[in-house]
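Worth knowing before you read on, the calculation uses all heavy atoms, side chains too, and leaves out hydrogens, waters and symmetry mates. Quick caveat: nothing in here was measured; it's all calculated off a predicted structure.
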Amino acid sequence: MGILKVNNLKKAFGIDELFHDVNFEVRGGDKVGLVGANGAGKTTLMKMLMGQEESDGGSVQLDAAETIGYVEQQANFGEGTLYDEFRRAFDDIIELGERKRSLEKQIAAGEEELLDIYGKVVERFEQLEGYEFESRIKKVAYGLGFSDDDFRKDVQHFSGGQKTRICLAKALLREPDFLFLDEPTNHLDIQMIEWLEGFLRTYRGGVLIISHDRYFLDKVATRIVELEAGTVTSYEGNYTYFMRVKTARREALKSAYEKQQEHIRKTEEYIRKYKAGIKSKQARGRQSQLNRLERIVLPPEAASFNYFAFHKPPECAQRVAELEEVSFGYGSEPVFKDLSLLIRNGDGVALVGPNGAGKTTLLKVLVGELEAAKGRVKIGSRVKIGYFSQQHETLHMDMTVLDEIIYTYGVDEEQARRYLGAFLFHGDEVLRKIGDLSGGEQSRVAFLKLMLTGANFLILDEPTNHLDIPAREAVEEALMAYPGTFLAVSHDRYFLDKVANCTLELAEGQLTEYSGNYSYYLMKKEAEREAEEEARMEAEAAERKQAEKTAAKPEAVQKAAEEKAAAKERAEAGKIQSMSDAKRTEMIQRAEAEIAMAEAELKGLEFQMNQPAIQADPAESQRIAEEYVAKEAEIEERYAKWERLVASE
């Protein structure tokens, strides 16, 4: 396994230097988290490592034989089905296969001088495992949760989370030596993020990950590279270790800086006092020492909207929001049914569940944007709702940032600029149109508006999306200090762990309540899985015990079953013999295709069985193991059928 080495890399846009003297390396098996504030240059750096962006100095060393798989933030797909998109990852192999078949026809027509060229094409085709690429597509796709039906769907019609998985599958298809992931957890639900964590921990190649998901980095990263103040610093360990060491280093540096400043102050005072007196020689000596002193420089504090804080909201009823047997659906398709819920004053509630479970729909029913098909939604007396939508529908995209605040809240320009400055919008930045802002900048405007509403019940849909880690920490601090009530949908498990005191799981149309944060929810879910597994094992033990009591099949019954199977085989053999040659050839080809498909499915199951996330779930592991055994039996049966067909030719 090779090494990717980054040496003294630098990049500038005009007179603005993005970074300089960037040095680090990624080896096979390394799991490196690349962190830093939005705008620090993380994505630019990653693209430079792949040669997609030019550097202004330095070098990237990577053996020409080493390959890189890249999962970018924004998915860009061609036209066609999902299977077409996966096949594009093998364009070179497909082209070689077409060249190979063309040469075969030419040689068969008598052009034997092409044999040497044909031999080289075949050798390269086999080196690239050209005969197996169709099976490899199915193996990776099944492992990432795609089905045969998905293969036939238009690739443009998949959801954001599915598109992220498609990008990941395309990157994995060629089993690259290095895997570069730019915000891979965006749009993924928690279950799929956990699968990805397990997969990456066992990935044999080197992995470089840009992510603001601190929980994810804790689970996956073995080293953190921070891009800050125009350069990088490397820390061995996961995100939590990185933060502990960084904080300790900063505190030690600050202490040393303060001691040095005190030494400088006292020395300068001595020099002023004695420079013209009897101790002038000593004063000049101390001045020389001071001139030679290497000054400690504190790194600049990262800009963050640290002043973000919700005002104390007005009092309201103890029963803030209630659902009574609420159902909702789109057309004839139900999203959830007969949900009941009570949110009390002061609760901090996390709403979790897989993508498509209806979490955003439930929030919209609560705020009144959607009307329940059945049941009752009650909002308590004096409750004022503040809604943070992940799509930012409450922002006016044609307005400037400044006008959005002035006209929404009736404040003057000076007050609006003061508010916006606390949220990192300074000078002419407030004159930019909201539609031209990045996702993170739009989120900051939305949070400012939320703060200014004076709401006592906040409903938050993915509030940390697009925010960098310092901004996420500011939101966490604000919510932890907030004396009102909130309900938050988020895939940011680190965020949910810090702010929530109650967790609701929405799955398969039903709500389940857990009286604690996300870690408590995980603990209870694990206890439930263990109880289910124990109950399953007890049931199996009871079945075995019953089976031991039951006598074996009577000989006559066994003989009848064998005769029935033999009769079925004779009937099938007679049917084969009556077929035309063309029909028999077609049946053989179909049987071979079915065998290839079944073997690919078997590989897909094997791929899933080896994932840590599956192995950690006994019930799921058992289910897949049973499917694997059944698939092996199916393949054996299909081979037997194929052998009968071939023997009849």
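- Using a 4.0 Å cut-off between charged side-chain N and carboxylate O, Asp84 and Arg87 make no salt bridge.
- In summary, the aromatic rings of Phe125 and Tyr131 are positioned with their centroids under 6.0 Å apart.
- Applying the ring-ring contact (aromatic ring centres under 6.0 Å, His included) test to Phe77 and every residue at least two apart in sequence or in another chain returns nothing.
- Salt bridge Glu226/Lys246: present, at least one basic N to carboxylate O contact under 4.0 Å.
- Salt-bridge annotation for Glu72 and Lys47: absent, with no side-chain N of the basic residue lying under 4.0 Å from a carboxylate O of the acidic one.
- Remark: Tyr241 OH is loosely packed, at most 12 non-hydrogen atoms of other residues, nucleotides or ligands lying under 6.0 Å away.
- Taking the six-membered ring for Trp, Phe423 and Phe447 have ring centres at least 6.0 Å apart.
- The six-membered or imidazole ring of Phe90 lies near that of Phe133, with a centre-to-centre distance under 6.0 Å.
- Under the 3.5 Å distance criterion, with hydrogens and angles disregarded, a donor-acceptor pair is assigned to the side chains of Asn8 and Asn23.
- Looking at Arg174 and Asp92, a side-chain N of the basic residue comes within less than 4.0 Å of a carboxylate O on the acidic one, giving a salt bridge.
- Of the charged side-chain nitrogens involved, none lies within less than 4.0 Å of a carboxylate oxygen, so that Glu134 and Arg136 do not count as a salt-bridged pair.
- Taking a cutoff of 4.0 Å between a charged side-chain nitrogen and a carboxylate oxygen, Glu197 and Arg493 qualify as a salt bridge.
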